[in-house]
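Here's the structure, in structure tokens; my notes come after.
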Amino acid sequence: MESQPGPRVLSGIMPTGSLHLGNYLGAIVHWVDLQHRYPSFFCVVDLHAITTPQKPTELHEKTREVAGLLLAAGIDPSVATIFVQSHVPAHAELAWMLDCIASMGRLERMTQFKEKAGREREAASVGLFAYPVLQSADILLYSGRPPRPVLVPVGADQRQHLELARDLAARFNHRFGVVFGEPEPVISEAGARIMGLQNPTKKMSKSGKNPYDTIRLLDSPDDVRRKIARAVTGPGREVRFDETQPGLYNLLTIYQLLSGESRSDIESHFQGKGYADLKRELAELIIARLRPLQERYQEIRRDRAALEGVLAEGCQRARVEADVVLQAAKSAMGLG
Ligand code: AQP
């Protein structure tokens, strides 16, 4: 892998809850595509998960669930490296080094911290505050030697964190000599922000409180039908990509991404039909996409040893990559 020129790909996903259609359409489908074009590293970011309280046994189980779902969705461990973040100590070590060059003022402006800490700012963990720096370390460790750009396929919510990673890389390289390649966000136009079904002004999220807001990748067909039937659409009757109706717009975006059809074809298809028709067809589209994924997932989870084997091998490969870059960063900084 070291001899391959050109950019690499790195992205991660938190084992904080059940993966949903937003994670899938905003991130995972792009990972599946990119893995065939670039050396790719995908991690289950359990160190990010513990920035908010987690039950240890649930965290362990969710980590396997997320890894299993990534494999079921098409991440191929013979092509890409899939691993658990905490199994590769270089992530935490580089994060500390970057913590020491990141400024408090910059981190205080991070919107995700403000949203997640909310009114409990004083009680929020230091980890939650410093989370974007750990994310920068996750990315920069895979820029390779000599350093290459790292493509980071993420949803639009991560744009600000990616800017920080770019700035930290530039700051480090300027101060200590060039060690890191440049992170480049890969954010698709459609699907970068799948919204909640009940509250379409907020993104669909694992940690949302309302189960009807989110389609989980492991939802049963009946759950999918129920949730889509209840989804907020707004006033009016016409099925059109109308951004002033965020609920309807969101449903149509999901339809577009799953069907692969153009917006005008979709609007023509629904001409003369109503929201109920859209919801019925969309639910069946989602069910048809999730069914093979769920079947593969059940197979993967039946063979626990095989899943652990995939993660152990991914860990070995990731350690080799990350350690080379970590050592370069340490010696540039005068450590070690
Ligand atoms: N609603 C979304 N639309 C598009 N992309 C999304 N992503 C998350 N939600 C949406 C993308 O999924 C990847 C993994 O996200 P994550 O699990 O690491 O963290 P997150 O962004 O904080 O996701 P959640 O679901 O909102 O988790 P909680 O509720 O635990 O914070 C990322 O690329 C993200 O952009």
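Order of appearance sets the numbers: ligands from 1, and atoms from 1 within every ligand. These numbers come from the heavy atoms of this one structure, side chains and all, not from hydrogens, waters or symmetry mates.
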May I ask whether Gly12 has any heavy atom positioned less than 4.0 angstrom from an atom of ligand 1? yes
Using 30° and 60° as the class boundaries, would you call the ring planes of Phe83 and His91 parallel, tilted or perpendicular? tilted
Cation over ring, Arg8 on Tyr142, under 6.0 Å and within 45°? no
State whether the side chain of Lys227 and the backbone N or O of Leu197 hold a donor-acceptor pair below 3.5 Å, judged by distance alone. no
Distance filter under 4.0 Å to Gly26 heavy atoms, resulting ligand 1 atoms: 4 (C), 5 (N)
Going by the order shown, which atoms of ligand 1 are within less than 4.0 Å of some heavy atom of Thr16? 30 (O)
Hey, is His20 one of the residues with a heavy atom under 4.0 angstrom from ligand 1? yes
Which atoms of ligand 1 are found less than 4.0 Å from any heavy atom of Gln158? 21 (O), 35 (O)
Show the atoms of ligand 1 that are less than 4.0 angstrom away from any heavy atom in Ile13. 14 (C), 17 (O), 18 (O)
Closest non-hydrogen atom pair, Pro183 against Leu140: CG-CD2, 3.7 Å
Any nitrogen or oxygen of Met14, main chain or side chain, under 3.5 Å from a nitrogen or oxygen of ligand 1? yes
Test your reading of the structure: does Ser205 have an N or O sitting under 3.5 Å from an N or O of ligand 1? yes
N/O of Ile194 under 3.5 Å from N/O of ligand 1, yes or no? yes
With nothing but distance in play, are any N or O atoms of Asn23 less than 3.5 Å from an N or O of ligand 1? yes
Proximal candidate to atom 22 (O) of ligand 1 [heavy atom criterion; set Met204, Arg193, Lys203, Glu115]: Lys203
When clusters are formed by joining ILVMFWY residues with side-chain heavy atoms under 4.5 Å apart, either directly or through shared neighbours, do Leu69 and Leu59 land in the same one? no
Can you check which of Asn250, Asp157, Val154 brings a heavy atom nearest to atom 34 (C) of ligand 1? Asp157
Determine whether His20 and Ile215 make a side-chain contact, defined as any pair of heavy atoms from C-beta on separated by less than 4.5 Å. no
Test your reading of the structure: does Gly155 have an N or O sitting under 3.5 Å from an N or O of ligand 1? yes
Mind checking the OG1-CG spacing from Thr233 to Leu278? Nearest 0.5 Å is all I need. 8.5 Å
Are Tyr212 and Leu19 in one and the same hydrophobic cluster, where Ile, Leu, Val, Met, Phe, Trp and Tyr link if side-chain heavy atoms are under 4.5 Å apart? no
Which ligand 1 atoms, with their elements, are less than 4.0 angstrom from a heavy-atom of Ala27? 12 (O), 13 (C), 33 (O)
Go through the steps to decide whether Phe180 and Phe172 satisfy the test ring-ring contact (aromatic ring centres under 6.0 Å, His included), and finish with yes or no. CA-CA 8 Å; Phe180 301 124; Phe172 186 101; 4.8 Å; yes
Taking the ring centre of each residue, are Phe241 and Tyr255 less than 6.0 Å apart? no
Is the shortest distance from a heavy atom of Lys116 to ligand 1 less than 4.0 Å? yes
